[in-house]
**Student:** 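Okay, handing you the structure first.
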Protein chains: 2
Amino acid sequence: MPAGQPDAPGGAEGRATIRDVARRAGVSAATVSRALGGDPRISQPTVERVRRAARDLRYVPDATARSLARGRTWTVALVLSRWPGPGEEAWWLPGLIQGFTAAAQAAGYVTLLAAGSGGLTGRHQLLQLLRERRVDGAAVVTGQGYDRLLEELAGRGLPLVAIGRLYPAAPVAWLAPDDVTAGRLATEHLVGLGHRRIALVAGPGELAATVDRSLGYWTALEQAGLETGPVSAAEGYQAAARLVDAHPPPTAFVVAHDLMAVGVLQCLAERGLAVPRQAAVVCLEDGPLAPALRPPLTAVRAPWEELGGRSFRRLAGSLGAGGEDGGVTGGALSPPELVVRGSCGPPPDRGRA
Amino acid sequence: MPAGQPDAPGGAEGRATIRDVARRAGVSAATVSRALGGDPRISQPTVERVRRAARDLRYVPDATARSLARGRTWTVALVLSRWPGPGEEAWWLPGLIQGFTAAAQAAGYVTLLAAGSGGLTGRHQLLQLLRERRVDGAAVVTGQGYDRLLEELAGRGLPLVAIGRLYPAAPVAWLAPDDVTAGRLATEHLVGLGHRRIALVAGPGELAATVDRSLGYWTALEQAGLETGPVSAAEGYQAAARLVDAHPPPTAFVVAHDLMAVGVLQCLAERGLAVPRQAAVVCLEDGPLAPALRPPLTAVRAPWEELGGRSFRRLAGSLGAGGEDGGVTGGALSPPELVVRGSCGPPPDRGRA
DNA sequence: GGTGTCCGTGCAACCGTTTGCCTTCGGGCC
DNA sequence: GGCCCGAAGGCAAACGGTTGCACGGACACC
């Protein structure tokens, strides 16, 4: 807060205070506070009178004063620890934010948005801001990799929840989309269609999501008693190329990220393999590309909005105001949903394989 | 704020107050306040002593108390008037939010996020919330069409800025991406490459963005002394089909929305028209699809982040704290940027046309 | 040596709510 | 009739800063 600037509040000049209401109802301010707060000591008739007076005056209690008196702000911070760089679309963020704020609003909390712009001073400013504003808790959308910010916040004793996987694991409650199940669902779908040679086109290994999604893929194959196909970590096109040229080529491809699916599709098209007739493709991320590509991609959709909502409620749990609790690590999130579009069919050599 | 719940703040137990600092520095609380606030009346030595004491105690002033005393909260609301429905990706929102909060943070303000979930009661809750929390101002990301919420907020005398076009126009300051220039830039690019028959594939006419983008297209053609090609408002594929089958087919397509470009590309591919060799395509919206399609689309990118930043500063203007001002309507935004990728080349019949 | 004028600080009254404790009053009980 | 008790509500002190004004001292000027 820069100092030295003249203060001239913009709006609302005449605003009714609790004392105005008291006067009008012929009681004391204390009584108004209690009547409106539902204190059982205040008699019914009085409560009515106070309510009327408050309504007549359009009285809205001042949260600032309330916070000061009660030592609690009913405010939580949603911290975007790392902003997506240019070119890297955070298409999932709006859903997450929406879910979070909606849940907060429903519980009477207000969401403060804060960006932790990387560097040391940025982090320091952020910490200062959270202390200054006395937020009751914070949810941190972690970048990939371990989050320094998280550590410092935890050190402050601030109720905390992380959104996103933590590497290395930290003693902090966290929630994240269930990427393992995503991988499993997709793979099982393909198995169910009759595919036996299913390849995984994974993303860069340092992405937490990639790791988990791959894990789901392996699990599903194992349970189906199938051998895992070749894995490729390179970007879409080359990856697919290498996989297609395998001895018996795979009949299906599980692609970890939607951008990579573009490359895969292109490669298959060049090889003259029609999707879904001669090759099936399923994407583990239902980004904006999935429905737009030709053919529209069958994909697994993570419940971002729900994730936001549950993150808040988990946080509310540590705030004492009865949200949900649940140990230190990953909470149960409803499983991702398989959105069937047009990119998967049965394998071409059905009778034979 | 639901009442009746026990208040038990989660974190921070022992927190230094201004009086603690005063005691340690051997002065009064008033002096601490003034010293830290840069009041020239306090002598230099005293200021130093106070600063030291404050640092030693890790004193962070309490914004709640400050707000109460000064009648100003240093908080602005960012109101998402209408959340994007499912399937409708708001890929531009993160950029906008980022720009806004960053600017706010830099000016010492904090951003409160609020969702105005449609209905009457939702609006009412929102208004209540803004009054209760005493926000100093609000920026409303408008949905399409006229925004009821905006009207009610303006009625409250709250400093306001709208982000997005207003139809019908309202007496409210607003900022929006410069879609007219976007249309013009794209069209001029094509003209510059030698195209003469340029078609517009516009979106649904009720979208404000569509209207403006089309306007830019017409302007550019007029200035180049060219005739405007046929216009189609239908969705991508059919639109392109109709356009391609015109007498002399267009050599270039200006597509208003990136999702529609998918249809256009597919249509061209089916007609055997290679892009960019035999037809040029330029997109007026640089969404996630643009770089991912084959070929990657040349597109016009709106400066969403800057838009967010300027929106805040415009708001700050009405807050008295020297942001930028500028009448009631549209502020100057730096123009959108043409991102040249692989979908435009010179027209095929260069010598002849 | 008064008196006026700065300069640097302290006093205390705010800002609008909440809440511990006291008061008042009416009634029941010994 | 005195006492205790519960019910209903008021008093005033918080919460942690800000700020108008008074105050004391040093200094200059007449």
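Please read all numbers here as calculations on a predicted model, not as lab measurements. In what follows, chains are A, B, ... by sequence order, proteins preceding strands, each numbered from 1.
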**Student:** Not counting sequence neighbours, which residues clear side chain to side chain contact (heavy atoms under 4.5 Å, CB included) with A:A69? List them please.
**Tutor:**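 Per chain and number, A:A69 pairs via side chain to side chain contact (heavy atoms under 4.5 Å, CB included) with no residue.
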**Student:** State which residues pass salt bridge (Lys or Arg N to Asp or Glu O under 4.0 Å) with A:D56; sequence neighbours excluded, sorted by chain then number.
**Tutor:**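 With sequence neighbours excluded, A:D56 shows a salt bridge (Lys or Arg N to Asp or Glu O under 4.0 Å) to A:R24, A:R52, given in chain and number order.
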**Student:** Under the side-chain hydrogen bond (donor to acceptor under 3.5 Å, both in side chains) rule, collect the residues that match up with A:E152, sequence neighbours excluded.
**Tutor:**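 Here the qualifying residues are A:R123.
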**Student:** Could you pull out all residues at least two apart from B:T111 that satisfy side-chain hydrogen bond (donor to acceptor under 3.5 Å, both in side chains)?
**Tutor:**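 Testing B:T111 for side-chain hydrogen bond (donor to acceptor under 3.5 Å, both in side chains), a comparison that skips the adjacent residues, returns none.
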**Student:** Need the bend value for the helix from C:dG1-D:dC30 to C:dC30-D:dG1: angle between end axes, 5 pairs each end, nearest 10°.
**Tutor:**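 Between the first-five-pair axis and the last-five-pair axis there is 70°.
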**Student:** Once ring pair (Phe, Tyr, Trp, His ring centres under 6.0 Å) is applied, do any residues pair with B:F100, and if so which ones, sequence neighbours excluded?
**Tutor:**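 So B:F100 forms a ring pair (Phe, Tyr, Trp, His ring centres under 6.0 Å) with B:F312.
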**Student:** Quick check on contacts: within residues 39-52 of chain B, what sits under 4.0 Å from DNA chain D by heavy-atom distance?
**Tutor:**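 Here the set is B:R41.
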**Student:** Between protein and nucleotides 15-18 of chain C, what N or O pairs are separated by less than 3.5 Å?
**Tutor:**
| residue | atom | partner | partner atom | Å |
| --- | --- | --- | --- | --- |
| C:dC15 | O2 | B:A69 | N | 3.3 |
| C:dG16 | N7 | A:R19 | NH2 | 3.3 |
| C:dT17 | OP1 | A:Y59 | OH | 3.1 |
| C:dT17 | OP1 | A:D62 | N | 3.2 |
| C:dT17 | OP2 | A:I18 | N | 2.5 |
| C:dT17 | O5' | A:Y59 | OH | 3.2 |
| C:dT18 | OP1 | A:R66 | NH1 | 2.3 |
| C:dT18 | OP2 | A:S33 | OG | 2.6 |

**Student:** Which residues pass the salt bridge (Lys or Arg N to Asp or Glu O under 4.0 Å) test with A:R19, not counting sequence neighbours?
**Tutor:**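 A:R19: no salt bridge (Lys or Arg N to Asp or Glu O under 4.0 Å) contacts found.
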**Student:** Who passes salt bridge (Lys or Arg N to Asp or Glu O under 4.0 Å) against B:R49, sequence neighbours left out?
**Tutor:**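 In terms of salt bridge (Lys or Arg N to Asp or Glu O under 4.0 Å), with neighbours along the sequence ignored, B:R49 is linked to no residue.
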**Student:** With sequence neighbours excluded, give me every salt bridge (Lys or Arg N to Asp or Glu O under 4.0 Å) pair touching residues 97-111 of chain B.
**Tutor:**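 Listed once each, the pairs would be none.
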**Student:** Give the C-alpha distance, both sets of side-chain angles, the deciding distance and a yes or no for side-chain contact (heavy atoms from CB on, under 4.5 Å) between A:V76 and A:L319.
**Tutor:** CA-CA 10 Å; A:V76 292; A:L319 263 40; 4.0 Å; yes
**Student:** Can you name the residues that form a side-chain hydrogen bond (donor to acceptor under 3.5 Å, both in side chains) with B:D20, not counting sequence neighbours?
**Tutor:**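 So B:D20 forms a side-chain hydrogen bond (donor to acceptor under 3.5 Å, both in side chains) with B:R23.
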